[in-house]
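For reference, the structure is listed below as structure tokens.
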2 protein chains.
Amino acid sequence: MDDLTEMLKGTLEGCVLEIISGEETYGYAITRRLNELGFTDVVEGTVYTILLRLEKNGLVQVTKKPSGMGPPRKFYALNDAGREERERFWVKWQYLSSRIDKLKGGGR
Amino acid sequence: MDDLTEMLKGTLEGCVLEIISGEETYGYAITRRLNELGFTDVVEGTVYTILLRLEKNGLVQVTKKPSGMGPPRKFYALNDAGREERERFWVKWQYLSSRIDKLKGGGR
DNA sequence: CGCACTACTCCGTGATACTGTGTAGTGGTA
DNA sequence: TACCACTACACAGTATCACGGAGTAGTGCG
């Protein structure tokens with residue numbers, strides 16, 4: 001798939017929120033998960049900027065744990081604000097995708 | 001619907017391509033059409049920057065016509081490159097939306 | 001000891017939608 | 001005439017976001 005970066009703006013953060021909501025996890029693993037899910041070109045640098053942003057915006061709770069497989073990991077879990085933001089994201093996604101699909105189908 | 005601007009990045013241009021592909025039209029009318037379609041916050045300034053970009057990238061053919069209802073209008077129509085770009089846009093949209101929906105549904 | 005893999009940080013870049021302001025043409029109305 | 005509303009386009013500046021690249025560290029394997 002050729003370049004999706006522009007299309008991912010605003011949605012990738014929501015995807016990360018969704019992944020975190022499933023289980024407490026960390027940056028490196030989130031990147032691998034996104035790659036598995038078809039977001040093949042998403043790299044670590046991108047995910048870490050999103051995670052720092054989530055932390056700065058108070059949407060996640062962060063816990064540092066030793067790894068055994070390398071440096072310590074920063075585990076992320078959604079707090080209440082994070083769960084609300086995740087809800088808002090899905091509402092927006094639903095809204096947008098329905099409008100786009102309507103436009104595709106003739107826009108009537 | 002609260003702010004969709006980030007989510008629109010990369011998709012709004014495709015929407016404009018789709019609208020133009022339906023009929024030769026002009027900036028002001030495209031803005032109204034987008035508003036009707038549910039992209040309520042999209043304003044003229046945004047549409048004109050997209051149209052200028054499409055023209056600069058050689059995806060449209062432009063024809064100036066007098067209006068009778070105000071200043072002359074610049075009508076836009078897709079050329080071959082524009083039709084190809086439109087195709088690529090829908091392929092990308094299909095790819096992205098299917099991945100996101102899969103993630104939403106549990107990501108398996 | 002070097003290399004691969006894991007794991008995080010940070011600075012800069014490019015693309016995009018948006019904001020605000022300005023210009024201009026037409027028509028209605030007081 | 002003077003004013004306003006609606007139509008129609010242009011452009012400079014801003015914010016946000018994903019990404020690239022480089023660097024730092026920890027573990028284990030040959």
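Please read these numbers as outputs of a predicted model, since none were measured by experiment. Chain letters run A, B, ... following the sequence lines, proteins first, then strands; residues in each count from 1.
Rounded to the nearest 0.5 Å, atoms CG (Leu17(A)) and CG (Leu51(A)) are 9.5 Å apart. Once rounded to the nearest 0.5 Å, the distance linking CE of Met7(A) with CG of Leu96(B) reads 6.5 Å. With rounding to the nearest 0.5 Å, the separation of CG in Leu54(B) from CD1 in Ile20(B) is 5.5 Å.
Each of Gly45(A) and Ser67(A) was matched to the nucleotide of DNA chain C holding its nearest heavy atom; the match closer to the 5' end belongs to Ser67(A). Comparing Leu52(A) and Glu6(A) along DNA chain C, the residue whose closest nucleotide (by nearest heavy atom) sits nearer the 5' end is Leu52(A). Positionally, the nearest nucleotide of DNA chain D for Glu13(A) lies more toward the 5' end than for the other of Glu13(A) and Pro72(A).
For the pair Glu44(B) CD and dT21(C) P, the interatomic distance rounds to 15 Å; values are reported in whole Å. One atom, CZ of Phe75(A), and another, P of dT6(C), lie 14 Å apart when rounded to the nearest Å. A straight line from OH of Tyr48(A) to C1' of dC11(C) spans 17 Å, rounded to a whole angstrom. Rounded to whole Å, the distance from CE on Met69(A) to P on dA4(C) is 16 Å.
Taking a cutoff of 4.0 Å between a charged side-chain nitrogen and a carboxylate oxygen, Arg73(B) and Glu24(B) do not qualify as a salt bridge. Using a cut-off of 4.0 Å between Lys/Arg side-chain N and Asp/Glu carboxylate O, Glu18(A) and Lys104(B) are scored as not salt-bridged.
Val62(B) is not listed as a side-chain neighbour of Phe75(B), based on a closest heavy-atom distance of 4.5 Å or more. Residues Thr63(A) and Tyr76(A) form no side-chain contact, since every pair of their non-hydrogen atoms from C-beta on lies 4.5 Å or further apart.
One hydrophobic cluster, built from ILVMFWY side chains closer than 4.5 Å, cannot hold both Tyr48(A) and Val43(A); they sit in different ones.
A heavy atom closer than 4.0 Å to some atom of DNA chain D occurs in Tyr26(B), Gly27(B), Tyr28(B), these being the qualifying members of residues 15-31 of chain B.
If you check every strand for non-hydrogen atoms under 4.0 Å, Ile50(A) touches sugar and phosphate atoms only. Backbone-only engagement by Thr5(A) is indicated by non-hydrogen atom pairs under 4.0 Å involving sugar-phosphate atoms exclusively.
Nucleotides of DNA chain D with any atom under 4.0 Å from a heavy atom of chain B span, from 5' to 3', dT7(D) to dC17(D).
Between the two ends of the helix from dC1(C)-dG30(D) to dA30(C)-dT1(D), each summarised by a five-pair axis, the helix axis turns through 10° (rounded to 10 degrees).
Formation of a donor-acceptor pair under 3.5 Å by the Asn79(A) side chain with backbone atoms of Ala81(A) is found in this model.
No more than 12 heavy atoms of other residues, nucleotides or ligands sit less than 6.0 Å from atom CD of Gln61(B). Residue-environment remark: CD (Glu44(A)) exceeds the threshold of 12 foreign heavy atoms within 6.0 Å.
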